[in-house]
2 protein chains.
Amino acid sequence: MKTKKLASVPTIKRLPLYLQIVENAHKEGKEFISGTIIAEELELEPIQVRKDLAITGIVGRPRIGFPVAQLITCIHEFLLWDKEHSAIVVGAGSLGSALMGYDELKKRGMRIQAAFDSDPAKIGRTINGVPVFAMNDIAQEASRLGSELAILTVPPDVAQTVAEQLTSAGIYAIWNFTNTKLKLDEDIVVQREDLSSGYAMLSVRMKLRLNQT
Amino acid sequence: MKTKKLASVPTIKRLPLYLQIVENAHKEGKEFISGTIIAEELELEPIQVRKDLAITGIVGRPRIGFPVAQLITCIHEFLLWDKEHSAIVVGAGSLGSALMGYDELKKRGMRIQAAFDSDPAKIGRTINGVPVFAMNDIAQEASRLGSELAILTVPPDVAQTVAEQLTSAGIYAIWNFTNTKLKLDEDIVVQREDLSSGYAMLSVRMKLRLNQT
DNA sequence: TAGATTGTTAATCGATTAACAATC
DNA sequence: TAGATTGTTAATCGATTAACAATC
């Protein structure tokens, strides 16, 4: 088995930015795009773009740049966005509903099969085309659907309990939108999505901006 | 004017995590909390927690830890979360609506004064207590309200145009939830909130997990 | 050809981690 | 006192950036 050098976290997080630009170039009918152009668009250094793209296995042509169609494929494959990921949304509040209607995710291979909520008014209905089940049926339904991933948008006080139910039902990855640090088996992938850290950055930069004068 | 050493981006992003734990400790009536405890809770290194907290100006007591109440104040002040930030939501779709109802932000000083949308069905109504105005009235209303910050949740194709209107109306900071790279004056604070980078991390980690076997 | 761009190897920079004296 | 914890100074680690030969 080949031991590939792992990509760094910052690199992985930049790949979707590159992908978007390359897809735009593709729509415009361009066959090649240079790292220099991508870098300008995102206000990054060209060398950083080249280094990042290299991780996907793409090979560019000096003087010409990278083949657009192939680059899209390489990024997709690297991120596993060429395969479907089955997912359920747990907590069909406003954030959960927003995610169910988020086309970007669907385009990137995420298939949201079902949602779960404890509000009787929501159970049995569909939101953005996704059927809503009772929270109590999670274990049963998630097993039946064979879902890989759970998008967790429940209130923080039930997050830990619900997460444990999910793992029992065979879910091995959780996209955690609650601000609860989940304590689960090590082999469960938990990705925390933290709005407050973005808000912290924003606030500090606003403070700096105000102090400039 | 004292030239403070700037905090690093990773440090700033971790501060809200610390804040949450310290606030919990406060609710439980604890007067002191050690960096070691905080680190355990978040699965970080104690030295990292101490270094991060130091940036806020807090002074701890050897053997005892950090004074809880004072630490909360220090983090709040550092993030400017002790002051109110006036904000408007531009694009009252599902994500915009979710943010209007997000208590966390309100607790951190964000005051959402108004929302804007081009859908006539929404204009004139209120969502989560926030009045919705017509998109055409942005310039006028934002100036009148004196808003500092705009939360941008419009479709990507109008993002740039709307952003320019916002800056003309005196807005100097934009929390950009669209996947459009905005091209604005350098003195405008643009904080991009990128769901796709989180999804990229999640996908790669799921891939690794699957390859483990 | 001339010159822009790739990809590799080396240098730099900055964040994390380690070591340890000071402290209560 | 003994021992846990802070805060400072130094060491390490890894990401970014620079330099440059190879290429078309």
Side-chain angles (χ1 to χ4, degrees), chain A residues 3-18 21-22 25 30-75 78 197 200-201 204, chain B residues 3-18 21-22 25 30-75 78 197 200-201 204:
Chain A
T3 41
K4 261 189 208 157
K5 208 178 68 185
L6 294 170
S8 74
V9 170
T11 293
I12 295 171
K13 289 191 169 176
R14 281 188 297 264
L15 287 177
L17 305 181
Y18 303 148
I21 289 171
V22 178
K30 301 216 179 82
E31 288 198 33
F32 289 88
I33 189 168
S34 75
T36 317
I37 297 291
I38 298 175
E40 261 173 29
E41 200 79 22
L42 293 169
E43 291 173 31
L44 299 175
E45 296 299 319
I47 173 63
Q48 185 168 59
V49 175
R50 276 181 276 151
K51 265 274 169 69
D52 284 345
L53 293 181
I55 205 90
T56 69
I58 188 74
V59 175
R61 282 166 54 179
R63 179 125 165 86
I64 309 288
F66 301 90
V68 166
Q70 208 177 323
L71 182 49
I72 292 174
T73 305
C74 281
I75 298 178
F78 184 86
S197 66
M201 279 300 302
V204 169
Chain B
T3 41
K4 261 191 211 158
K5 207 177 69 185
L6 294 169
S8 73
V9 170
T11 294
I12 295 170
K13 288 190 169 176
R14 281 189 295 265
L15 286 177
L17 305 180
Y18 303 148
I21 289 171
V22 178
K30 301 218 178 83
E31 287 199 32
F32 289 88
I33 189 168
S34 76
T36 316
I37 296 291
I38 297 175
E40 260 173 30
E41 199 79 23
L42 294 168
E43 291 172 31
L44 298 175
E45 295 299 319
I47 174 63
Q48 186 168 58
V49 175
R50 274 180 278 152
K51 265 273 169 70
D52 284 344
L53 293 181
I55 206 89
T56 68
I58 188 73
V59 176
R61 282 166 55 179
R63 180 127 164 83
I64 309 288
F66 300 91
V68 167
Q70 208 177 324
L71 181 49
I72 292 175
T73 305
C74 281
I75 298 178
F78 183 86
S197 68
M201 278 301 300
V204 169

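Quick note on labels: first sequence line is chain A, next is B, and so on, each numbered from 1. Computed from a predicted structure; not experimentally measured.
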Establish whether the base of C:dT16 is bridged to the side chain of B:K51 by a donor-acceptor pair shorter than 3.5 Å. no

Where do [X] and [Y] come nearest, in terms of heavy atoms and distance?
| X | Y | answer |
| --- | --- | --- |
| A:A7 | A:F78 | CB-CZ, 3.7 Å |
| B:I12 | A:M201 | CG2-SD, 3.8 Å |
| A:V59 | A:F66 | C-CD2, 4.3 Å |
| B:D52 | B:R14 | OD2-NE, 2.6 Å |
| B:T56 | B:C74 | OG1-CB, 3.7 Å |
| B:P16 | A:S197 | CG-CA, 4.0 Å |

Nearest-angstrom distance from the residue atom [atom1] of [X] to [atom2] of [N]:
| X | N | atom1 | atom2 | answer |
| --- | --- | --- | --- | --- |
| B:I12 | C:dA15 | CD1 | P | 10 Å |
| A:F32 | D:dC24 | CZ | P | 12 Å |
| B:E31 | C:dC24 | CD | P | 18 Å |
| A:Q48 | D:dA19 | CD | P | 17 Å |
| B:D52 | C:dT16 | CG | C1' | 10 Å |
| B:L15 | C:dA15 | CG | P | 14 Å |
| B:R63 | C:dC20 | CZ | C1' | 18 Å |
| B:I55 | D:dT8 | CD1 | P | 12 Å |

Take A:E45 and A:I64, find for each the nucleotide of DNA chain D with the closest heavy atom, and name the residue whose nucleotide sits nearer the 5' end. A:E45

Heavy-atom nearest nucleotide on DNA chain D for A:V9 versus B:I58: which residue maps closer to 5'? B:I58

Among [options], the one nearest [X] by side-chain distance:
| X | options | value |
| --- | --- | --- |
| B:R50 | D:dG7, C:dT6, D:dT16 | D:dG7 |
| B:V59 | C:dA15, D:dG7, D:dT16 | D:dG7 |
| A:I47 | D:dA19, C:dT16, D:dT8 | D:dA19 |

Heavy atoms under 4.0 Å, any strand shown: does A:R61 hit a base, just sugar-phosphate, or nothing? sugar-phosphate

Residue that, paired with B:I58, satisfies side-chain contact (heavy atoms from CB on, under 4.5 Å) out of B:I75, B:I72, B:L53: B:L53

Pairs counted as Watson-Crick or G-U wobble with both distances under 3.5 Å: what dot-bracket string results for DNA chain D, using | for bases tied to another strand? ..||||||||||||||||||||||

